[in-house]
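Each ligand, and each atom within it, is numbered from 1 in the order the structure gives.
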Amino acid sequence: MEEFELIRKITPAYYRQPSVVKGVGDDAFVFRSSEDIVFTTDTMVEEVHFSRKTMDTHAVGYRALAANVSDLAAMGSRPAFYSVSLVLTPDWTDEDIIALYDGMEQLAGKHNMDLVGGDTVSGSQTVVAITAHGYLPPDKGRYRSDAADGDVIFVTGTLGDSRGGLEELMNPGESVSDYLIERHRYPEPKAAFAAGLTSLSRLCLNDVSDGIASEANEIATASGMRLHLQKEKIPVSEELKTRYPDQAGEWALSGGEDFELLGTVAPGDKEALLERARELDIRLTFIGTVSDSNLPEVLLHSSHGTETLQSTGYTHLKERR
Ligand SMILES: Nc1ncnc2c1ncn2[C@@H]1O[C@H](COP(=O)(O)OP(=O)(O)OP(=O)(O)O)[C@@H](O)[C@H]1O
Ligand SMILES: Cc1ncc(C[n+]2csc(CCOP(=O)(O)O)c2C)c(N)n1
Ligand SMILES: [Mg+2]
Ligand SMILES: [Mg+2]
Ligand SMILES: [Mg+2]
């Protein structure tokens, strides 16, 4: 399958979003809007973000789009479009490429998104780079800088499972946990949850890509606040605790790629948040509080005492000077 045959094969037969003016097939994509537009991009590189030794390309496609949908969720926007830029090595079969798109389409369908463009080139290392767009009602952007004194801190889902699944895939033991592997391969970004909270006047959100140790610090810095996290309240699945008792705590803080939401709200909005979570069958846990501070920082409190939580999540380019 060469470049143009691929483009013909992946061109959508129809578009879910009525605002599409010109989709795949011209020099660029055109859409019409009266709302604010959110625009995000995330890149996945073979052997950095995935290995084809342990993941089929269906899951690679799903996860690459999930990382983008998670950022759209973290802004409070409704996902709408995505475009896909591919650098493919010669060992990719036609089936691998089609499965990659099927994986993206599986998640796109759940979030009512359309594939509206991209680019295809051959190269020496596989890269899947996705750009995604979402809609946002004016003044309903959910920023890292919006945490306020007295807020409560919440997180969706459980943390560390993706890291546990990666461990199962890369260093398999005698038994494997299908649950953890599924959590790694097919994470569920919480876009419907976030976009459904428009009744709240203020909401601070960040998504968990690098690990909450990192994302909590991003909120603290952007908001100029002190975040207090209660270690014992951080939600960890029974499966992760049972299979990795020694690592579960650390992975929950800095394993990353959970694509859950970390946020803060005024205490009076707790019930609205819980109600929305119940409607969507999403686990929601309150894990701490926010206080005013001259020094932005994250404190981790436990029965053993209090420590400063450094931003220990995943960081690229660390090996450079
Ligand atoms: N190479 C770059 N050029 C321009 N802007 C960048 C670049 N890399 C990151 N940014 C911008 O920096 C900000 C933070 O990016 P970052 O990638 O840390 O966020 P994220 O997408 O939420 O995290 P992750 O990549 O872990 O999912 C965003 O506004 C992003 O658009
Ligand atoms: C084969 C393989 N090795 C390691 C990892 C772990 N990993 C890679 S990038 C990242 C953080 C988020 O990246 P970004 O900041 O680019 O969104 C994590 C936790 C993986 N998924 N697959
Ligand atoms: Mg990014
Ligand atoms: Mg993010
Ligand atoms: Mg990152």
Q | Option of least heavy-atom distance to atom 21 (N) of ligand 2 (set: E257, H316, K53) | A |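 Selected option, by shortest heavy-atom distance: E257.
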
Q) Nearest heavy atom to atom 1 (C) of ligand 2: which of F259, W251, F50 does it belong to? A)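 Selected option, by shortest heavy-atom distance: F50.
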
Q. With backbone taken as N, CA, C and O and side chain as the heavy atoms from C-beta onward, which portion of M44 lies under 4.0 Å from ligand 2: side chain, backbone, both, or neither?
A.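 For M44, there is no contact with ligand 2 at all, from either part.
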
Q: Report the part of T54 (side chain from C-beta onward, or backbone N, CA, C, O) that has a heavy atom under 4.0 Å from ligand 2; answer both or neither where that applies.
A: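 The answer is neither; T54 stays 4.0 Å or more away.
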
(Q) Would you say the ring centers of H184 and F259 fall short of 6.0 Å from each other? (A)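 Ring centroids of H184 and F259 are no less than 6.0 Å from each other.
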
Q. So is S209 close enough to ligand 2, meaning a heavy atom under 4.0 angstrom away?
A.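 Yes.
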
List every atom of ligand 2 that sits less than 4.0 Å from any heavy atom of [X], numbering the atoms from 1 in the order shown and giving each element.
X	result
D210	11 (C), 12 (C), 15 (O)
G255	19 (C)
H184	21 (N)

Q.
Does ligand 2 come near enough to T43 that some N or O of the ligand is less than 3.5 Å from an N or O of the residue?
A.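 Between T43 and ligand 2 (N or O atoms, distance only) the closest approach is not under 3.5 Å.
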
Is the closest basic N to carboxylate O distance between [X] and [Y] below 4.0 Å?
X	Y	answer
E47	K53	yes
E105	R16	yes
R185	D56	no
E238	K241	yes
D207	K190	no
E257	R163	no
R243	E167	no

Q) Should we count CZ of R32 as having more than 12 external heavy atoms under 6.0 Å? A)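 No, CZ of R32 has 12 or fewer neighbouring heavy atoms, counting only those of other groups under 6.0 Å.
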
Q: Would you mind telling me if ligand 1 is within reach of the side chain of D71, the backbone, both or neither, using heavy atoms under 4.0 Å?
A: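 Under 4.0 Å from ligand 1, D71 contributes side-chain atoms alone.
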
(Q) Is the contact between R144 and ligand 1 made by the side chain, the backbone, both, or neither, using heavy atoms and a 4.0 Å cut-off? (A)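 Side chain only.
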
Q: Step by step, work out the side chain to side chain contact (heavy atoms under 4.5 Å, CB included) result for E168 and Y244.
A: CA-CA 10 Å; E168 302 271 337; Y244 298 99; 2.9 Å; yes

(Q) I'd like to know if the Mg ion (ligand 4) has an N/O/S atom from E215 within less than 2.8 Å of it, counting both backbone and side-chain atoms. (A)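 No, outside the cut-off.
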
Q | Flag side-chain contact, heavy atom, 4.5 Å: L88 against T126 | A |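 L88 reaches T126 side chain to side chain.
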
(Q) Are any of the N/O atoms on S209, whether in the backbone or the side chain, positioned under 3.5 angstrom from an N/O atom of ligand 1? (A)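 Right, the criterion is met.
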
Q: Report yes if some N/O of D42 lies less than 3.5 Å from some N/O of ligand 1; otherwise report no.
A: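 Yes - when backbone and side-chain N and O of D42 are compared with those of ligand 1, one distance drops under 3.5 Å.
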
**Q.** Closest D71 atom to the Mg ion (ligand 4) [N, O or S only]
**A.**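 Per the distance ranking, D71 contributes OD1 as its closest N/O/S atom to the Mg ion (ligand 4).
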
**Q.** Atom name of the N, O or S atom in D207 that lies nearest to the Mg ion (ligand 4)
**A.**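 Of all N, O or S atoms in D207, the Mg ion (ligand 4) lies closest to OD1.
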
(Q) Heavy-atom contact check, 4.0 Å cutoff: does M75 meet ligand 1? (A)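 Not so, M75 does not reach ligand 1.
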
Q | ligand 1 atoms in contact with D210 (distance to a heavy atom under 4.0 Å) | A |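 Here the atoms of ligand 1 in question are 26 (O).
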
